**Q** 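The structure's right below; bear with me while I get my questions together.
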Amino acid sequence: MFGKSFNSVAINGKTVNVKGNNISVINNKIYVDGKVIETGNLSGDVHIIVDGSINKLETDSSATIKGDVLGDVKGGTSITCQNIKGSVKAGTSVSCGNVGGDVKAGTSISMKR
């Protein structure tokens, strides 16, 4: 794909600069390329904003990606992003550009064709 890139990840207003392409936020912990990144307590209504393109994102909350995703995106609630080369799955809604794979959402889907 491409080399490791720097992205900023904002979670509940706290911004963390990370170097990596695969981001997961599961059980209140942030993982970048499989390694835990310490960010403090992630509680309440967690919303993730990724500023930059990434390979994949997996979270049990909602996420906004200000860039393209070269792989898959899985979200616990809503996903908002630009283009996805893989598939996207969200618990409630998906709002995105072009998607190369499947799109699944619990309530609504909005995307380019």
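Predicted model, so just to flag it, every value in this text is computed and none were measured.
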**Q** So, taking the atom named NZ in Lys112 and the one named OG in Ser95, what distance separates them when rounded to the nearest 0.5 Å?
**A**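 If I round to the nearest 0.5 Å, the distance is 10.5 Å.
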**Q** Roughly how far apart are Asp51 CG and Ile65 CD1, rounded to 0.5 Å?
**A**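 Taking CG in Asp51 and CD1 in Ile65, the distance rounds to 11.5 Å.
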**Q** What closest approach, in Å, do Ile26 and Tyr31 show between heavy atoms, and which atom pair accounts for it?
**A**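 Heavy-atom minimum between the residues: O-CE1, 4.1 Å.
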**Q** Look at the side-chain heavy atoms of Ile, Leu, Val, Met, Phe, Trp and Tyr, link any pair under 4.5 Å apart, and say whether Val99 and Ile109 land in one connected group.
**A**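 They do share one cluster, since a chain of ILVMFWY contacts under 4.5 Å joins Val99 to Ile109.
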**Q** With clusters defined by side-chain heavy atoms of hydrophobic residues (ILVMFWY) lying less than 4.5 Å apart, directly or transitively, does Ile54 cluster with Val103?
**A**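 Shared cluster, yes.
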**Q** My understanding is that only residues two or more places apart in sequence, or in another chain, count here; which of them pass side-chain hydrogen bond (donor to acceptor under 3.5 Å, both in side chains) with Asn22?
**A**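 Applying side-chain hydrogen bond (donor to acceptor under 3.5 Å, both in side chains) to Asn22 gives Asp33.
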**Q** Tell me the closest heavy-atom pair linking Ala105 and Thr92, and the distance in Å.
**A**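 So the two residues come closest at CB-O, 3.4 Å.
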**Q** Identify every side-chain donor-acceptor pair in residues 66-74 under 3.5 Å, counting partners at least two apart or on other chains, and give the distances.
**A**
{"residue": "Asp68", "atom": "OD1", "partner": "Asn83", "partner atom": "N", "Å": "3.2"}
{"residue": "Asp72", "atom": "OD1", "partner": "Ser87", "partner atom": "N", "Å": "2.7"}

**Q** To the nearest 0.5 Å, how far apart are CD1 in Ile79 and CD1 in Ile84?
**A**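 Reported to 0.5 Å precision, the distance equals 7.5 Å.
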**Q** Are any side-chain N or O atoms of Ser108 and backbone N or O atoms of Ser93, one a donor and one an acceptor, separated by less than 3.5 Å?
**A**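 No; judged by distance alone, with no hydrogens or angles, the pair does not exist.
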**Q** OG of Ser24 to CD1 of Ile37: how many Å apart, nearest 0.5 Å?
**A**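 The CD1 atom of Ile37 is 11.0 Å from OG of Ser24, to the nearest 0.5 Å.
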